[in-house]
Each structure stands twice: as C-alpha cells, then as structure tokens.
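Bear in mind that the values here come from a model prediction, so they are computed numbers and not experimental data. Letters go in sequence order (proteins before strands), and every chain restarts at 1.
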Amino acid sequence: MSQNLQFDETGRLRHFLTIEGLSRELLIRIMDTAESFASVTEQQVKKVPLLRGKTVVNLFFENSTRTRTTFELAAKRLSADVLNLNIATSATSKGESLLDTIRNLEAMHVDMFVVRHAESGAAHFIARHVAPHISVVNAGDGRHAHPTQAMLDMFTIRKIKGDIAPLKVAIVGDILHSRVARSEIHALNILGAAEVRVVGPRTLMPVGIEKLGVTVFNDLDAGLDDVDVVIMLRLQKERMSGAFLPSVNEYFASYGLTEARLAKAKPDAIVMHPGPINRGIEIDSRVADGPQSVILQQVSNGIAVRMAVMSMVLRGQDDLARAEAA
Amino acid sequence: MPDASLNISVLLDSLESELRRQIAVRGLTDPVMIGIHTGGAWVARILHERLGLRDPLGLLDISFYRDDFSQIGMHPQVQSSKLPFRVEGRDVILIDDVFYTGRTVRAALNEIFDYGRPAQVLLGVLIERNGRQIPLQPDCVGQRIELSGGRRIKLTGPEPMALNIQQAGPDRRALA
C-alpha cells in the first residue's frame, strides 16, 4: 500500500490512514495543532467553526463505543455534522456491497469517512475508491493500523514527559494482533524514541517484529526494567480460545501489570492503555487507577488529537506534506 | 525597512490616551484586556501594564475562527487562546495592531463570545487603515492612515517593535 495515497496531487494531506512513512515534522505538527485545540474545552461554547457545513460519517463496521464517541465529539467540536453508521447491522446485512454503501453516502454529499473495520486495509480500500473531495480517516483496520490512537498516545507522552527522544518505551501484551502496537512502533521510531520494546508471550509476538526497530522481550520483568513509559495492550478474549494462551489466570501471572511489576520501571514511569481495560487480565486495578496511570488523560487527549487530524485532512493546507510527497 | 513616519512610541501614547478617555466615558471600572496574536498581543502587553489592569492579560488566537480557513487552511503556528478570567459580564478591551478589513476582529468577537457574553467590548488598534470590508470599526486608534491598494502594513517585534509598509504578496493571511 502506498503511503502516497494519504496525499493529494498537490501534496496536501488528504487521508490519514497509517503512521508508516510519515515525517517527524508532520507528526509534530499534528501534536502542536492538537495542543491548540485543547483550549477549546475551556470555552463556554466548546466548539470552533472550522468544519461548519461539513459532514463527517463514522463508518463503523466493528463496534467501538469509545473510539466512535471521541471521533464524534471531535467532529462536533469542529462544528461538523456527524452521521454514525453501524454498518454491521445495517447496509451490509441487507446484501448491499461496501462500494454501494460508499456511493450512496457520496451522493448525500458527505465530506469525510471515519472508518473502523475488522479487515486490514479496509480504510485504504475506501480511500482508493472515494470521490476526490472526500477524506478518509482510519479509526482502526484489522491488525494493521490505528494511527489516531498512536498519535493521541504520542501527544499524551509528550505532554507529560516533554520530549519523546530520550525515552524507553515498553509495549506489553498481544503484539501479534495489535494495530495499536504497530502504529505506536512506527510513531515512536519516527519521533526518535531512545528504545522501543515489545513484551509478550511468544505466541502473541509476530515473527520478524525486530525488523520494525524494536527489542523483543518475553519476560515482563526484564522488559519493564528502567522504562519511562509502559503501554499495556488490550487482550481480546477470543485469543483465549484460539490456542494463543493457556488461561486468563496464567496470562495475568506472567504478563499482568501489577504494582510490584511496575516497580521495575522508572519511579516516574507512566502507564498507558488504549482501553477498554480488562481489569485483572492485562492490568491490576490498583495500577489502572493508580498515580502513574494516565489512561483517562489519553481519553481526553484523544478528542484534541482527532480534532487536529480531521481539520488537517479536511482543510489543512499542508506544506510539509507537500514537500514530503514530492 | 521600518516606516519612519510611523513612530511606535507616539502611536502607543496616542492609543493609551484614547483608551483612557473611552474608559472614562463608558465608566469602565474593572476592565479586562485581550490581545490578538501576534502583533495585537505585543501591543496589549504594553498597554495592559500602562493601564495597570487588575486581571492578567488574555491572549486570543483567532485561527480557528477565520472566515478564509477554507482557502488558506490551517496556520502552522496556531497558539492556544488563553483567557485567564471569566468573560461573562465583564468589560473587555480588545487590542490588535492593525485594523484593515475587519475580518480579524469579527473572528475575535466570535471567539470571545464562545467563552461567554461580555458586558461591552472596546476595540483599540495601533493603526487603522482604509479597506474595511465589513461594518466594524475600532473605538480607539493610535493613528489612521491611507494606503493604496496592494500595500499592507505589518508590525514586527516584539523587541523592538516596528511598523513596515510593504507591497502585499500572494499571502492571503495579510488580511487584517
């Protein structure tokens, strides 16, 4: 898949599909723009008129209440009109093809699709087939990418730690099936993090993951040693029945983040999780609700980052992207 | 090159005395001041100190409220607006460097009203030039000047501040 699909013929950022191949400058630009949107929540009217008259369609082929809600809120805070479509229970169940659905929505003069799909590459597929005036934002596709989640995590880390470059970051859990992990590895490497570790059982570790520029750990204590940031991944329950793991209890015993385990990390290390969390499976409640947890800050920051991405792809005149695509 | 006919300190003195007069005429007892990024904020910092206002200075970046966003896109250096006081019911002195088309002030008023409903807004600018496009005008002005079409006036700074008259280029952000 060509990353150039994300840019129009003049080099403007048109779609936001993957972190892979984006420049450091562009990622910093997204975070800086998100920073300026943070003040909108301080207003009595929590809206800016940037996307007034635009229509954003949340096309969710896979359920995700929190991601959909933050995209919806972000679009509404930009004054866009928002349509939420749960495709799994509507068009496709009537036998309507994906492209028919897209064509029908285009005929309703919408401006942006926010796409969540269980298949890797679904957002790219839609981006390749939409009318020229429509932007596509990937809200998570299969095992492939979840770029806005990665950006909100980078934004959260930067807000708390100041600079990402000197940091050691551990991503813990089901690396194999995680689009969040993949997007975060790309983002951390592009932003020059000192060390990116992936930690998890061998059965949940993709073969050749080292090629993405990470250090692999199968032992959690070793993986957490001296890190600044711990990113816990959500464990999908179906992995338990898929022969990837023996049992929930055994998983928690080996890879669950407890206070004792967290003590291996630096004393000021922060704990992140893309949510929703499985308490007692990947993370202990005392850690999830503890002083080092920034999980709720991630949720708040998600709105500002999604506002930044949406405003940049829909209207942003992006000189950096132009130079990048040339 | 800075324009020698536009002496910043004379303009600041003149704007300050206009503001003092208007504050007295309108009976404003405890106004707050808001400067518009970037030039307006520089001017406002000076006036805020000279007028000895009680509340800290507010700063407004109107990028998200511009009516030409669809043409020019996102400004790469958007600053956060910071209003460290409640706007609701307050008397506001809004400060910008140059008043030209009126669109910046329109955007600023829209943004201020999204924070709350002020009792009054008094607009002070260092320079008012010809070229108004919407029915807004400043209340207090350091100096009024006439410029021929295609020329623009720009404040550089913050230290030292200088006013430059330039031939306008293709940058549509020059609209002030």
Side-chain angles (χ1 to χ4, degrees), chain A residues 7-8 10-14 16 23 25-54 74 76-80 111 133 135 155 159 301 304 307-324, chain B residues 32 34-38 41 55-90 92 103-119 121 134 169-175:
Chain A
F7 304 102
D8 68 12
T10 65
R12 221 177 71 169
L13 188 68
R14 180 184 160 204
F16 193 66
S23 69
E25 289 70 26
L26 186 58
L27 301 194
I28 289 172
R29 177 85 154 275
I30 291 169
M31 291 191 282
D32 288 347
T33 307
E35 195 78 60
S36 58
F37 278 123
S39 67
V40 172
T41 57
E42 293 163 18
Q43 297 176 191
Q44 197 176 77
V45 179
K46 294 177 181 52
K47 269 178 183 281
V48 291
L50 282 182
L51 299 189
R52 197 171 53 192
K54 300 289 168 193
K76 285 179 172 171
R77 287 197 176 155
L78 292 167
S79 302
D111 301 282
H133 70 278
S135 291
F155 181 71
K159 253 182 129 53
N301 292 338
M307 286 171 80
V309 169
M310 286 171 143
S311 59
M312 285 171 76
V313 296
L314 260 190
R315 287 297 190 190
Q317 197 171 53
D318 201 327
D319 295 332
L320 289 167
R322 181 180 295 116
E324 194 168 49
Chain B
V32 293
I34 298 172
I36 301 175
H37 274 300
T38 307
D55 288 277
L57 178 67
L59 298 172
L60 214 54
D61 188 316
I62 51 92
S63 301
F64 298 146
Y65 287 78
R66 291 191 69 107
D67 58 11
D68 53 0
F69 174 69
S70 61
Q71 288 121 48
I72 66 170
M74 184 79 75
H75 193 291
Q77 302 296 334
V78 180
Q79 320 257 348
S80 291
S81 293
K82 289 188 179 66
L83 300 188
F85 41 74
R86 279 178 60 81
V87 165
E88 189 71 34
R90 298 296 297 272
V92 173
R103 289 173 190 272
T104 295
V105 170
R106 184 204 71 91
L109 289 172
N110 282 0
E111 183 165 359
I112 289 170
F113 275 77
D114 278 355
Y115 279 87
R117 182 179 177 277
V121 181
I134 49 178
D171 183 1
R172 303 182 70 162
R173 288 182 214 285
L175 295 179

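- Interatomic distance, CZ of B:Phe64 versus OG1 of A:Thr33, reported as 7.0 Å (0.5 Å rounding).
- Residue contact with chain B, scored on non-hydrogen atoms closer than 4.5 Å, involves the backbone of A:Lys47 exclusively.
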Could you walk me through whether B:Tyr115 and A:Gln44 pass the side chain to side chain contact (heavy atoms under 4.5 Å, CB included) test, one step at a time? CA-CA 5 Å; B:Tyr115 279 87; A:Gln44 197 176 77; 5.6 Å; no
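- Every residue was checked against the side chain to side chain donor-acceptor pair (under 3.5 Å) condition with B:Asn110, not counting sequence neighbours, and none meets it.
- Scanning both residues, B:Ser81 and A:Ser39, for their nearest heavy atoms gives O-CB, 3.5 Å.
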